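Because the structure is predicted, anything quoted here is derived from the model rather than measured.
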Amino acid sequence: MTVTPVKPLPSATVLLLRENAGSLEVFMVVRHHEIDFASGALVFPGGKVDATDSDPRLRKLCRGADGIDDATLSLRIAAIREAFEECGVLLACERDSSRPVGAARLAALHHYRETLEKGRATMADMAEREKLVFAVDALVPFAHWITPAPLPKRFDTHFFLASAPPDQLAVHDGRESVDSIWIAPLKAVADADANKATLVFATRMNLIKLGRATTVADAIAAAKADRIVTVTPEIHPAPKGRVLRIPIEAGYGISEILLEGPPRPA
């Protein structure tokens with residue numbers, strides 16, 4: 001019997017970047033063990049696109065929305081919303097300024113994190129009430145991954161890079177995520193190899209890709225110059241077991257990896 005694949009849910013993920021002691025670091029959170037996807041894993045802040053992320057009011061409440069189609073704009077709004085809800089970082093500025101909101105202003109907006117998450121207000125509501133403009137132009141496309149077809153829960157995830165606003169403190173929300181860390185990309189991979197952290201495949205590969213850069217500027221410049229190739233991992237039989245294949249054109253330096261034990265979702 002042929003099983004129709006589950007339709008992947010549009011999703012957005014943010015790799016917030018900073019430099020610390022001469023090293024490039026990315027902000028990551030540990031998923032709560034009761035979350036039904038990537039529970040207990042070290043991940044980048046992100047989640048599903050919400051219907052309110054497509055509110056038509058938002059186009060006039062964004063900086064850099066010109067030339068961006070509605071679907072792409074909703075992905076970027078979702079990325080900004082998820083970063084705010086999950087780690088308290090808001091990629092926005094005052095309506096009459098081009099500078100990111102500072103620490104004091106952010107503290108006054110803190111209550112919106114739970115308000116947005118519980119659906120008592122939307123991003124458009126917050127922007128209108130607080131005279132904010134969302135900096136969608138601060139997000140740089142980095143990668144695009146789709147969960148393999150056989151899996152029961154699938155995501156069509158767009159990864160974005162963004163320089164973390166210097167006056168804002170990133171912290172986990174204590175609900176969906178239970179811990180957080182600023183970490184060098186390849187250190188996160190090394191920790192996973194040493195069984196000190198859990199990484200799903202897509203996260204691991206994007207950390208390796210990000211780890212080629214040494215500064216925020218380098219990472220963003222490389223992403224802007226790169227061509228995004230959609231990755232939908234495929235599992236195939238091989239002489240020594242099963243292999244997970246991805247397009248070599250996607251720029252991760254590999255086209256397949258030998259699976260040991262049950263495959264992890266991408």
Side-chain angles (χ1 to χ4, degrees), residues 12-29 44-47 50 52-53 55 57-66 68 73 75-118 120-140 142 159-177 179-184 210 213 215-221 223-224:
T13 294
V14 187
L15 284 66
L16 292 169
L17 308 178
R18 76 174 188 185
E19 291 168 34
N20 182 39
S23 176
L24 174 67
E25 294 183 333
V26 61
F27 186 76
M28 303 188 75
V29 298
F44 311 118
D50 188 84
T52 62
D53 297 326
D55 190 318
R57 292 178 293 167
L58 285 165
R59 185 165 288 279
K60 293 183 178 179
L61 300 170
C62 291
R63 187 187 73 196
D66 293 345
I68 297 178
L73 182 60
L75 283 165
R76 296 194 181 207
I77 290 296
I80 293 173
R81 175 179 54 75
E82 287 287 346
F84 183 52
E85 290 178 6
E86 280 202 58
C87 58
V89 169
L90 183 60
L91 299 175
C93 53
E94 305 290 353
R95 195 171 295 174
D96 58 354
S97 172
S98 60
R99 297 182 61 184
V101 296
R105 178 68 162 127
L106 186 64
L109 298 169
H110 179 83
H111 66 281
Y112 278 103
R113 292 176 68 185
E114 185 174 358
T115 300
L116 289 167
E117 187 178 345
K118 293 187 179 301
R120 295 197 292 263
T122 67
M123 290 285 277
D125 294 335
M126 180 174 73
E128 288 185 340
R129 293 172 189 171
E130 302 295 336
K131 296 181 172 58
L132 296 172
V133 174
F134 297 121
V136 296
D137 56 351
L139 295 164
V140 178
F142 182 67
F159 293 78
F160 297 95
L161 300 186
S163 178
D167 294 337
Q168 297 186 23
L169 179 65
V171 291
H172 56 278
D173 63 10
R175 295 183 298 277
E176 288 190 20
S177 53
D179 200 0
S180 58
I181 187 173
W182 282 100
I183 191 168
L210 179 63
T215 67
V216 174
D218 286 346
I220 289 177
K224 287 181 176 179

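- Between the CG atom of N20 and the CD1 atom of I183 there is a distance of 12.0 Å, given to the nearest 0.5 Å.
- Contact between G88 and L106 at its shortest, heavy atoms only, is O-CD2, 3.2 Å.
- The local environment of CZ in R99 is sparse, with at most 12 non-hydrogen atoms from other residues, nucleotides or ligands closer than 6.0 Å.
- Between D53 and R81 there is a salt bridge, since a side-chain N of the basic residue sits under 4.0 Å from a carboxylate O of the acidic one.
- The two residues F27 and C87 come nearest to each other via the heavy atoms CE2-CB, 3.3 Å.
- Side chains of L17 and S163 form no contact here, defined as non-hydrogen atoms less than 4.5 Å apart.
- Between L90 atom CG and M123 atom CE the span is 6.5 Å, to the nearest 0.5 Å.
- Distance check, rounded to the nearest 0.5 Å: CD1 of I80 to CG of L75 gives 11.5 Å.
- Applying the salt bridge (charged side-chain N to carboxylate O under 4.0 Å, His left out) criterion to D55, with sequence neighbours excluded, gives R57.
- The shortest heavy-atom contact between L139 and R76 is O-NH1, 3.1 Å.
- Side-chain contact between F134 and M126: present, with at least one pair of heavy atoms (C-beta onward) separated by less than 4.5 Å.
- Looking only at side-chain heavy atoms (C-beta outward), D167 and P100 stay at 4.5 Å or farther from each other.
- Annotation: side chain of V14 is not in contact with side chain of F84 (no heavy-atom distance under 4.5 Å).
- In D66, the CG atom is not crowded: 12 or fewer heavy atoms of neighbouring residues, nucleotides or ligands sit closer than 6.0 Å.
- Residues forming a salt bridge (charged side-chain N to carboxylate O under 4.0 Å, His left out) with R18 (at least two apart in sequence, or on another chain): E25.
- When all heavy atoms are compared, the tightest approach of V140 to A223 is CG1-CB, 3.7 Å.
- Taking both residues in full, the closest heavy atoms of A213 and L24 are given as O-CD2, 3.6 Å, listed atom of the first, atom of the second, then distance.
- In this structure, the side chains of L116 and T52 stay at 4.5 Å or more apart for every pair of heavy atoms.
- Annotation: salt bridge (charged side-chain N to carboxylate O under 4.0 Å, His left out) contacts of D137 (sequence neighbours excluded): R63.
- Checked by atom type and distance alone, the side chain of Q168 pairs as donor or acceptor with a backbone atom of V101 at under 3.5 Å.
- At a threshold of 4.5 Å between non-hydrogen side-chain atoms, the residues F160 and F142 do not count as touching.
- Residue R59 comes nearest to A65 through the heavy atom pair NH1-O, 3.1 Å, listed as atom of the first residue, atom of the second, then distance.
- Remark: the backbone N or O of E85 is not paired with any side-chain donor or acceptor of E117 at under 3.5 angstrom.
- Here the straight-line distance linking atom NZ of K60 with atom CD of E128 works out to 10.5 Å at 0.5 Å rounding.
- Looking only at side-chain heavy atoms (C-beta outward), L132 and L61 stay at 4.5 Å or farther from each other.
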Item to check | Check against side chain to side chain donor-acceptor pair (under 3.5 Å), T122 and D125 | outcome: CA-CA 5 Å; T122 67; D125 294 335; 3.1 Å; yes
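- The backbone N or O of C93 sits nowhere less than 3.5 Å from a side-chain atom of S97 that would complete a donor-acceptor pair.
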